[in-house]
Protein chains: 2
Amino acid sequence: MGRRSTTRRIGIADVALKAGVSHATVSRVMNGNLTVDPAIATRVREAAAELNYQPNPVGRSLALGKTDTIGIVVPDLANPTFQAILRGLSRAAARDGYRVLIADSSEVSSEEAILAGEARRRCDGLVLCAPRMGDAELEELAPSLQPMVLINRTTTESRVPSLMVDYGQGIQELAEHLVELGHTRIVFLSGPSRSASNALRVQGLEKFQAGHPGIELQMIDGGSNFEAGHGAVDAVLASGGTSVLAFNDLVAMGLLSGLHERGVRVPEDISVTGFDDIQFARYTTPPLTTAAVPITELGAQAWHRLRALIRNEGSQDAVNIFRPQVEVRGSTGPAKN
Amino acid sequence: MGRRSTTRRIGIADVALKAGVSHATVSRVMNGNLTVDPAIATRVREAAAELNYQPNPVGRSLALGKTDTIGIVVPDLANPTFQAILRGLSRAAARDGYRVLIADSSEVSSEEAILAGEARRRCDGLVLCAPRMGDAELEELAPSLQPMVLINRTTTESRVPSLMVDYGQGIQELAEHLVELGHTRIVFLSGPSRSASNALRVQGLEKFQAGHPGIELQMIDGGSNFEAGHGAVDAVLASGGTSVLAFNDLVAMGLLSGLHERGVRVPEDISVTGFDDIQFARYTTPPLTTAAVPITELGAQAWHRLRALIRNEGSQDAVNIFRPQVEVRGSTGPAKN
DNA sequence: AGGCAATGAGAAAACGCTTTCTCATCCGAT
DNA sequence: ATCGGATGAGAAAGCGTTTTCTCATTGCCT
């Protein structure tokens with residue numbers, strides 16, 4: 001048992017030597033080029049197998065001008081939404097032999113541009129989730145980043161597809177659901193103010209308000225995580241609202257937990273909705289009424305769009321809209337009075 | 001406004017041409033080599049800036065023999081545990097200028113070996129989470145994969161550090177906690193039978209049983225996700241146990257949800273514990289008593305160990321054990337009788 | 001039997017960078 | 001004034017592949 005790991009990695013030259021051919025021939029064999037004499041081909045394959053040869057991907061990438069890798073930039077890897085996008089993307093890409101490189105900007109929006117550029121240079125394409133980046137910067141960056149697909153953002157650069165979730169539509173439907181249950185005082189527990197997706201929700205609610213003048217709609221500043229929801233309990237109770245539209249499922253869960261601590265019953269005393277339908281939403285107590293976003297599928301779709309770009313296939317529409325679907329569960333019920 | 005994106009990527013040669021020097025000099029300047037005349041250096045830097053030149057990482061990697069990238073192989077990107085490891089790893093690595101490439105084996109253990117090899121070849125090091133891989137295969141693979149660090153596995157290959165969570169210890173402490181509350185009939189809702197970490201829990205429980213002959217300990221086959229927990233409700237209720245040690249938080253949450261549907265009160269009628277202390281555990285109703293594993297920190301630690309290996313720094317102990325810490329919350333209470 | 005197309009494999013260039021090697025230039029010292 | 005040692009930059013090799021170019025060999029056809 002020699003210490004083989006001390007040895008330098010074996011390369012194409014070693015195989016060529018062992019098989020008594022040139023490295024060109026080895027390369028041809030490894031790539032299934034048919035212009036090689038079958039006898040020689042098997043000889044090469046045997047040598048390769050014996051030496052356990054695996055082509056060096058870096059050399060390969062340099063010669064081929066592609067890395068078979070795509071990058072994804074996310075603002076926060078702790079957020080279930082981005083985890084799900086990543087998962088969908090990764091699995092779909094893997095199916096086509098692509099790997100994914102992740103770049104977590106940790107919510108530092110100034111990092112996003114740099115990370116995106118670095119990731120892009122190492123990869124054949126990019127999926128960009130940059131909810132906080134300024135429009136101007138995005139616009140400026142876009143050309144140098146493609147092939148790229150944007151999540152929940154758009155740009156005027158026509159070659160950059162966008163995958164959008166219609167948060168406005170979703171939140172309107174949730175609000176309608178509450179109205180149908182007889183609620184007239186609704187509270188919106190908002191997300192981060194600079195978030196693009198929060199803006200869409202606000203727009204949706206403005207439309208909703210316009211169509212329902214009789215409904216009293218309040219906004220309370222929140223955030224995007226448990227703590228925000230948990231910390232908003234007092235404000236929510238003080239508001240007098242009979243129902244709450246939380247920014248997302250995380251916020252809703254924090255709120256649910258806080259309400260339970262206060263002895264406030266859901267949905268008897270107050271109704272609560274989330275947004276996203278993360279895995280956990282189904283298992284809260286009570287199970288959370290929410291707007292389901294097919295987010296893993298969005299990740300997969302991101303890959304398909306990116307793949308089309310990489311392969312230079314004629315593209316479909318620039319923007320692809322995902323409609324959230326209301327999932328009525330136990331956290332919403334008839335208004336108290 | 002030319003269509004710059006149509007143009008070939010600009011390379012070191014373009015900068016050299018523009019600055020009127022050789023590409024060697026450009027390279028020297030870009031890498032901060034001090035043996036370049038300051039006047040020329042600035043000229044080069046200006047040219048580089050003007051052309052917006054960024055070195056091609058692939059060429060760089062080939063020349064340098066390193067990619068500044070590490071890989072991580074996970075069995076399931078949908079599992080919060082691996083998400084947290086990934087997060088910790090990614091952030092820690094980013095701090096040192098490394099990126100991470102992910103390989104999701106989708107629980108297909110036959111894929112693990114191949115994925116690991118491929119990922120390793122593209123990267124400078126590997127973090128391997130392969131709970132289902134056979135010992136023999138792991139042993140065989142280990143030498144060819146290093147530098148590598150293992151999560152919750154060990155190998156005889158001394159140069160491969162292991163980061164272990166002491167599941168045995170954790171589950172014992174949870175059981176002790178239940179005993180202190182007066183429980184004498186405890187159910188263990190087990191994880192996947194081929195999982196290494198499940199085996200550790202079973203071992204821990206055997207020790208526990210040896211020290212507490214009076215306690216009746218039952219095992220029920222479960223799984224590792226919500227559905228497993230939710231589906232085990234009947235079996236749990238039929239068992240007559242007054243408390244349940246769930247394989248992990250996900251299973252516990254599924255169980256909690258199922259019990260709630262049945263109108264069984266937690267912890268009044270039955271106590272439930274989880275394992276891992278994922279983010280969500282704190283916000284279930286009631287909040288989940290669990291054994292907290294500092295999993296994000298484990299991810300960070302994985303990077304530090306891997307970094308030491310990559311830098312060839314003398315390593316510390318081969319295996320690094322993380323002790324779970326019992327977090328008592330609302331899902332456990334005194335035994336019913 | 002001789003010539004020509006086809007076949008198949010080696011030589012060499014290319015990918016984009018880093019780094020060693022080499023050499024011209026300049027300075028100070030003798 | 002000449003030599004020697006720095007200094008600094010270009011030439012070229014190397015990293016590990018793929019692929020084009022080139023050429024030797026084979027086999028077929030006339």
Side-chain angles (χ1 to χ4, degrees), chain A residues 7-48 51-69 97 117-118 120-124 144, chain B residues 7-48 51-69 97 117-118 120-124 144:
Chain A
T7 320
R8 178 184 55 61
R9 273 198 70 77
I10 66 116
I12 203 172
D14 304 278
V15 180
L17 192 67
K18 176 144 194 161
V21 297
S22 71
H23 39 286
T25 299
V26 176
S27 172
R28 281 188 271 256
V29 172
M30 298 304 289
N31 292 292
N33 188 321
L34 300 170
T35 73
V36 178
D37 184 306
I40 295 189
T42 41
R43 188 145 49 93
V44 168
R45 261 188 285 271
E46 278 169 14
L51 294 173
N52 194 18
Y53 167 70
Q54 304 282 148
N56 176 327
V58 178
R60 216 151 178 277
S61 289
L62 187 59
L64 258 29
K66 63 178 198 140
T67 60
D68 291 344
T69 300
E118 281 186 356
R120 175 60 187 84
R121 243 168 285 128
R122 287 186 141 64
C123 300
D124 299 343
S144 72
Chain B
T7 320
R8 176 184 57 62
R9 273 199 71 77
I10 66 117
I12 203 172
D14 305 277
V15 180
L17 193 66
K18 176 145 195 160
V21 297
S22 71
H23 40 282
T25 300
V26 176
S27 172
R28 281 189 271 256
V29 172
M30 298 303 290
N31 293 291
N33 188 322
L34 301 169
T35 73
V36 178
D37 184 306
I40 296 188
T42 41
R43 188 145 50 92
V44 169
R45 259 187 287 269
E46 278 168 15
L51 295 173
N52 194 18
Y53 167 69
Q54 304 283 148
N56 176 324
V58 179
R60 224 159 170 271
S61 290
L62 188 59
L64 258 29
K66 63 183 199 134
T67 60
D68 290 343
T69 300
E118 282 185 357
R120 175 59 188 83
R121 244 168 284 128
R122 288 187 138 66
C123 300
D124 299 344
S144 74

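Every chain is numbered from 1 and lettered A, B, ... according to where its sequence line falls, protein lines coming before strand lines. Remember, it's a predicted structure, so these values are computed and weren't measured experimentally. Heavy atoms only: backbone and side chains are in, while hydrogens, waters and symmetry mates are out.
For A:L34 and A:G59, each mapped to the nucleotide of DNA chain C holding its nearest heavy atom, the one lying further toward the 5' end belongs to A:L34. Along DNA chain D, the nucleotide closest to A:Q54 and the one closest to B:T35 are compared, and the more 5′ of them pairs with B:T35. Mapping B:G20 and B:L62 onto DNA chain D via the closest heavy atom, the residue that lands nearer the 5' end is B:G20.
Going from atom NE2 of A:H23 over to atom C1' of D:dT18 covers 10 Å, rounded to whole Å. One atom, CG of B:L17, and another, C1' of C:dC17, lie 17 Å apart when rounded to the nearest Å. Atom CD1 in A:I40 sits about 12 Å away from atom C1' in D:dT25, given to the nearest Å. Regarding B:I10, its CD1 atom lies at a distance of 8 Å from the P atom of C:dC17, rounded to whole Å. With rounding to whole Å, A:M30 atom CE is found 14 Å from D:dT19 atom P. Atom CG of B:L64 is separated from atom C1' of C:dT20 by 14 Å (rounded to the nearest Å). Between B:D37 atom CG and D:dA9 atom P there is a gap of 5 Å when expressed in whole angstrom units.
Using a 4.0 Å cut-off, no side-chain N or O of B:N56 falls inside it from OP1 or OP2 of C:dC17. Look at B:S22 and you won't find any side-chain N or O under 4.0 angstrom from OP1 or OP2 of D:dA9. Distances shorter than 4.0 Å separate some side-chain N or O of B:Y53 from OP1 or OP2 on C:dC17.
Looking only at distances, no side-chain donor or acceptor of A:S27 sits under 3.5 Å from a matching main-chain atom of A:H23. Looking only at distances, a side-chain donor or acceptor of A:R120 sits under 3.5 Å from a matching main-chain atom of A:C123. Panel note: side chain B:R122, backbone B:T69; no donor-acceptor pair is recorded below 3.5 Å.
The nucleotide whose nearest atom lies closest to any side-chain atom of B:A63 is, among D:dT17, D:dC15, D:dG8, D:dC15. Among the nucleotides D:dT19, C:dC17, D:dT18, the one closest to any side-chain atom of A:I12 is D:dT18.
For B:R28 against D:dG10, a side-chain N or O and a base N or O form a donor-acceptor pair under 3.5 Å.
In this structure, A:I40 and A:R43 have side chains that are in contact, with non-hydrogen atoms separated by less than 4.5 Å. B:V29 is listed as a side-chain neighbour of B:R45, based on a closest heavy-atom distance under 4.5 Å.
Heavy atoms of A:S27 sit under 4.0 angstrom from at least one base atom. Within the nucleic acid shown, B:N33 has no heavy atom closer than 4.0 Å to any nucleic acid atom. Contact annotation for B:V58: no contact, since no heavy-atom pair falls under 4.0 Å across all strands. If you check every strand for non-hydrogen atoms under 4.0 Å, B:G11 touches sugar and phosphate atoms only.
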